[in-house]
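What you see is a predicted model; the values in this text were computed from it and never measured. Side chains are part of it too, since the values below use all heavy atoms of this structure and drop only hydrogens, waters and symmetry mates. In each ligand, atom 1 is the first atom listed, and ligand 1 is the first ligand listed.
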Amino acid sequence: MSSHPWYILGAGSIGCLWAATLHLATGCSPVMIVRNREHYINKKTDNTAVLTLTHLDKTETRHPVSVMTADEITTPIHQLIVCTKAGDALTAMNSIRPVLAKHGNVLLLQNGMGSQEAVAKAFPTQNIWIGSTTDGAWIREPLHVHHAGQGLTEIGCFNHQSATEFLCQFQGFPLKMTASKDIKNVLWQKLAVNCAINGLTALFDCQNGALLDNDKKSLMDELTDEFVHVSNTLGRTTPESLHEKVYEVCRLTAANHSSTCMDARLQRRTELAFINGYLIRVAEKEGLTLPAHQQLMDRLSQKGVRW
Ligand code: KPL
């Protein structure tokens, strides 16, 4: 591992999962950069806190971390993992711009598409790595994360530079990781599934498995048909059996509430602008309209779901 400390922007489920895992793998405490310090620690003068990780086998481990706001950081950041919501990534990155090392490594772990391009464009001298993760995690209370589902994190770079060397740092890391030569395609394939599932689960306030009921399934099919249409227009590949893949994710995560459903329930801003909203914007540029996607977004707006 590099001798530089790791900084993690965002203390949500993925941020906490990576912070705890980094401590397990390296023995070094990462620094978690948060917007509101009091939400995590009540000591005024001391930045240290303990993060609890409940593992897949339900055992618990505890990990010392530092919790800081952007304006408390004075030393240059060479190693950063951005775990904010997609809609907050650029603002959060700008908040640490003055302390970000010019050629630092930045790993972006956002859902959906669009935020990664925006950050890469705004930070041209940094080495920007993009991750797409299927790890499942949820927050029980601030700084207590449950690892709920073993997934895979694929890491690559928009300019196809190999991520193998970057990934060497994570040897022996407890989360599963692999280098991807075509991370845009990985993000696109995940987007297909999220476009079909996330918005609908927020609309019906249901678990993923409930989308396999007939009336909801046909809405999912319409969204998937539109995705395939955009994909074909762009000359991108999607699996022939995309509908089957979507059903399979619904079956495998039947009892889960999607991240968007949870955000909507808690009246938080969702990431739909970077999921269905992203597809609508890409389609518009190609002169295509996507009635099923548009109708979904309209119905969600009427319901008061924010993005
Ligand atoms: O990625 C997901 C999410 O919740 O954002 C799915 C695949 C829908 C699993 O819940």
Asker: Does E165 CD have over 12 foreign heavy atoms under 6.0 Å away?
Answerer: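 No, not enclosed.
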Asker: Pull out every atom of ligand 1 sitting under 4.0 Å from any heavy atom of S258, numbered as shown with elements.
Answerer: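 Taking each heavy atom of S258 in turn, ligand 1 has 4 (O), 10 (O) under 4.0 Å.
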Asker: Could you check which of N208, T253, N198, N256 puts a non-hydrogen atom nearest to atom 10 (O) of ligand 1?
Answerer: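 The residue whose heavy atom sits nearest atom 10 (O) of ligand 1 is N208.
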Asker: Taking only heavy atoms of S259 into account, list the atoms of ligand 1 that are under 4.0 Å away from them.
Answerer: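 Counting atoms of ligand 1 from 1, those under 4.0 Å from S259 are 3 (C), 4 (O), 5 (O).
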Asker: What's the separation between atom CE in M220 and atom CG in L200, rounded to the nearest 0.5 Å?
Answerer: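 Answer rounded to 0.5 Å: 7.5 Å.
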Asker: Establish whether V186 and M113 are linked, either directly or via other cluster members, by ILVMFWY side-chain heavy-atom contacts under 4.5 Å.
Answerer: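 Hydrophobic grouping puts V186 with M113.
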Asker: What protein heavy atom is closest to atom 1 (O) of ligand 1, reported as residue, atom name and distance in Å?
Answerer: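 Going by distance alone, atom 1 (O) of ligand 1 is nearest to N194 ND2, 3.1 Å.
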Asker: On a heavy-atom basis, which atom in M297 and which in W307 lie closest, and how many Å separate them?
Answerer: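 Smallest interatomic distance, heavy atoms only, reads O-CH2, 3.2 Å.
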Asker: With only distance considered, is T260 within less than 3.5 Å of ligand 1 through an N or O on each side?
Answerer: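 No, there is no polar N/O contact under 3.5 Å.
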Asker: To check your reading of the model: name the closest protein heavy atom to atom 7 (C) of ligand 1, its residue, and the distance in Å.
Answerer: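 For this ligand atom, the closest protein heavy atom is V249 CG1, 3.8 Å.
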Asker: Is it the case that over 12 heavy atoms from other parts of the model lie below 6.0 angstrom from the CZ atom of R37?
Answerer: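 For R37, atom CZ is crowded (more than 12 foreign heavy atoms under 6.0 Å).
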Asker: Before accepting this row, confirm whether a basic side-chain N of the pair K85/D263 lies closer than 4.0 Å to the acidic partner's carboxylate O.
Answerer: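 Salt bridge flag = yes for D263 with K85.
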Asker: Is ligand 1 under 4.0 Å from a heavy atom in the side chain of T201, in the backbone, in both, or in neither?
Answerer: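 None of T201 does.
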